[in-house]
Amino acid sequence: MPALVFLATDKKNFAKSAPFSYLCNVNLKLTNIKQLVTLSSELTSPKDRRFRVGDEMRNLGIVENAVVVIENGLISHFGKMEDLPQNLSNNFIEYDCSDKVVMPGFVDSHTHLVFGGSREDEFGMRSAGETYQEIAEKGGGILSSVRITREASKKELKKKARRYLTSMLKQGTTTVEIKSGYGLDFDSEIKMLDVIRELRQEEIISIVSTFIGAHAFPTEFKNNPDGYVSLICDQMIPYIGQRKLADFCDVFCEKGYFDVETSEKILTLGKQHGLLPKIHAEELTSFGGAELAGRIGAVSADHLEHITDDGINSLKQGNVAAVLLPGVSFFLNHQYAPARKLIENGVVVAIATDFNPGSCMSYSMPLMMTIACTHMKMSPEEVLTASTINAAAALNLSNEIGSIDIGKRGDVVILDIPNYKFLPYHFGENHVYRVIKNGVFLEY
Ligand code: NIG
Ligand code: FE
C-alpha cells in the first residue's frame with residue numbers, strides 16, 4: 001500500500017481554518033473492508049426508489065470482505081473483494097480497511113446550528129422541575145436565543161458555527177441542514193441565511209439551508225401577530241426566494257406559535273418562491289401539522305411526538321418523510337414519537353439531531369441512534385437506515401447521497417468497530433476512524 005501523504009492545500013471551497021489536512025485529486029480504493037453497509041438502492045423495489053420503508057429498513061445491504069472505489073469524488077465501484085476489476089489503473093491510493101466497518105456518511109437533516117449564546121441555565125431550570133413551555137413563557141426559550149443572535153455579528157456567528165461543523169464532521173456527519181429562525185426580523189434572518197450560505201461555500205461538510213422566519217413571534221410583534229406574518233410573506237420570502245438564499249421553508253406549527261392556517265399560507269407562498277416545504281409538526285400537542293404536511297406535499301414533517309392516526313395516514317399518502325428527533329425528547333424529558341407505528345404504516349422514517357441551544361445541545365448522530373433504539377424501539381438496522389438514505393430523502397437529496405451506490409458522492413465513514421451493531425450499542429464514544437468527503441480523505 002502506498003504511503004499516505006496528507007496535503008494541506010488551499011483547494012477552493014475547503015475551509016482554510018478547518019483543522020483538517022486532506023488529500024486532493026486522487027482516487028481512493030478502500031480494500032478488505034470487514035463489513036460494508038451499502039444501503040444500496042439495488043435492494044429496493046423498484047430499484048430507482050431512493051428511500052426505504054417498512055421491513056426494507058432492516059435490510060442494510062451488507063457486503064463482507066468488500067471494496068469501495070471512489071473516482072473524481074464519486075463512487076465508481078463497490079462489491080466483494082474478489083470481484084474487484086483486475087484492469088483498474090494504478091492511479092489509486094489504497095487504504096486497507098481490515099477490521100473496519102464502512103458506511104455512507106451520516107445525514108443530519110434538521111439542525112438550528114447557527115445561533116448566538118447558549119442556554120445552559122434553562123437546562124438547570126428544567127432539572128429543577130420547570131418545563132420547556134414554562135421557561136418560554138417567561139421570555140426564555142427561542143426568544144432568548146433571538147436576543148443574542150440579533151446582537152451577534154456575522155463573523156461571530158460563523159466562528160461559533162464552524163467549530164460545531166468541524167466537530168460534527170469528525171463524528172461522521174457529512175451533510176447537515178441548518179435553519180435560520182433566531183433572527184425574526186428582516187435583517188437578522190438574512191444575516192443568518194448569509195452566514196449559512198458562506199459556511200456552505202467555505203466548509204468541507206455539505207450544507208442545506210432552511211428559512212424558518214416562522215419559528216416564533218418576536219417580542220415587537222407580540223400584540224400584532226398578523227403584522228409579523230405579513231413581514232414574512234411580503235418581504236422575507238420574496239427576497240429569499242429571488243436570491244436563492246434557502247432551499248427549504250419551515251414553520252413551527254404549534255399551539256401558541258403558528259396555527260395550521262397561517263402555516264399553510266407561509267409554506268404555500270414559500271413553494272411559489274422556490275422554497276420546498278418542511279414543517280415542525282405535532283411537537284408539543286396534536287395540532288394538525290402532519291395533516292397539513294401531506295396536504296401541501298411537504299418534503300418532511302419533523303418532531304411528530306404527538307402525531308395522530310390521521311396524521312400518520314396523511315404522511316403516508318403524501319409521501320412525506322417523518323424526521324424524528326429522539327434527542328429532543330431525551331433532553332426535554334418529553335414523550336417520544338411513535339416510531340414503530342410510523343414504520344409499520346409504511347412512512348419514510350428518518351432521524352436527526354435538531355441540534356440547537358434549547359431543546360437538544362448535541363449533534364451526535366450515533367447518540368440519536370442509541371436513543372432511538374432504547375426509547376423508540378427502533379432496531380439498530382432501522383436507525384442506520386434512518387440516519388443515511390432516509391435522511392437524504394428528507395432533504396430531497398437521496399439521488400446524490402445516503403448510500404453506497406455507483407455515481408453517488410464519495411461521502412463515506414470508516415468505523416473502528418467489529419460490526420455495524422456497535423454503532424448504537426457502544427454509545428458515548430466516537431467510533432469514526434476516518435471520514436471521506438467528496439472522495440477526499442480527511443485527516444485531523
Ligand atoms: O426544533 N420546536 C421548535 N424549535 C426548536 C427549538 C428551538 C429552541 O428551543 O431554541 C426545535 O426543537
Ligand atoms: Fe427544530
Side-chain angles (χ1 to χ4, degrees), residues 108-123 125-126 130-150 152 157 160-161 164 176-184 188-189 192 196 208-218 246 248-258 263 277-285 287 289-290 293 298-307 321-337 350-363 368 371 391 394-395:
D108 192 349
S109 64
H110 182 142
T111 81
H112 305 252
L113 181 136
V114 173
F115 56 84
S118 53
R119 308 212 317 253
E120 63 277 27
D121 290 346
E122 293 182 8
F123 180 71
M125 286 156 78
R126 280 199 304 278
E130 287 190 67
T131 67
Y132 180 78
Q133 290 99 312
E134 283 163 359
I135 294 167
E137 278 155 23
K138 286 202 302 204
I142 295 172
L143 291 184
S144 81
S145 293
V146 169
R147 283 191 291 275
I148 308 174
T149 306
R150 282 181 176 179
L157 291 173
K160 194 159 141 73
Y164 298 144
V176 58
E177 182 256 21
I178 309 178
K179 301 178 199 290
S180 66
Y182 291 126
L184 309 189
S188 307
E189 280 297 304
M192 289 193 73
I196 299 169
V208 172
S209 171
T210 297
F211 167 63
I212 180 167
H215 196 197
F217 288 96
F248 290 95
C249 182
D250 198 340
V251 172
F252 188 16
C253 181
E254 184 59 66
K255 194 167 158 217
Y257 293 83
F258 295 82
S263 300
K278 276 183 170 283
I279 184 164
H280 280 66
E282 328 289 12
E283 178 183 359
L284 306 171
T285 57
F287 198 64
V299 176
S300 76
D302 304 32
H303 279 286
L304 309 176
E305 290 84 347
H306 294 266
I307 192 168
V323 178
L324 310 186
L325 308 167
V328 174
S329 302
F330 180 77
F331 201 65
L332 299 181
N333 196 19
H334 281 179
Q335 146 174 347
Y336 286 82
I351 60 178
T353 65
D354 196 11
F355 173 59
N356 74 79
S359 66
C360 185
M361 192 62 185
S362 170
Y363 37 68
M368 303 308 139
I371 301 172
L395 293 177

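Values reported hereafter were calculated over all heavy atoms of this structure, with side chains retained and with hydrogens, waters and symmetry mates removed. Please read these numbers as outputs of a predicted model, since none were measured by experiment. Just so you know, ligand 1 is whichever comes first in the structure, and atom 1 is the first atom listed for that ligand.
Below 30°, between 30° and 60°, or above 60°: for His280 and His110 the angle between ring planes is above 60°, a perpendicular geometry. Using cut-offs of 30° and 60° on the angle between ring planes, the pair Tyr164 and Tyr363 is tilted.
Under the 4.5 Å side-chain criterion, counting only non-hydrogen atoms from C-beta, Ile142 is in contact with Tyr257.
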Full working for side-chain contact (heavy atoms from CB on, under 4.5 Å) between Val328 and His303: CA-CA 8 Å; Val328 174; His303 279 286; 4.1 Å; yes
Stepwise side-chain contact (heavy atoms from CB on, under 4.5 Å) test for Met361 and Phe355: CA-CA 6 Å; Met361 192 62 185; Phe355 173 59; 3.7 Å; yes
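No hydrogens or angles considered: nothing links the side chains of Gln335 and Ser329 as a donor-acceptor pair under 3.5 Å.
Taken from OH in Tyr132 to CD in Glu122, the straight-line distance is 8.0 Å, to the nearest 0.5 Å.
Panel detail: the Fe ion (ligand 2) has protein N, O or S atoms under 2.8 Å away, 4 in number.
Checked against a 6.0 Å centroid threshold, the rings of Phe217 and Phe258 count as neighbours. You'll find the ring centres of Tyr182 and His215 inside the 6.0 Å limit.
Contact residues for ligand 1 (protein heavy atom closer than 4.0 angstrom to any ligand atom): His110, His112, Arg119, Tyr132, Ile142, Tyr182, His215, Phe252, His280, Glu283, His303, Asp354, Asn356, Gly358, Ser359.
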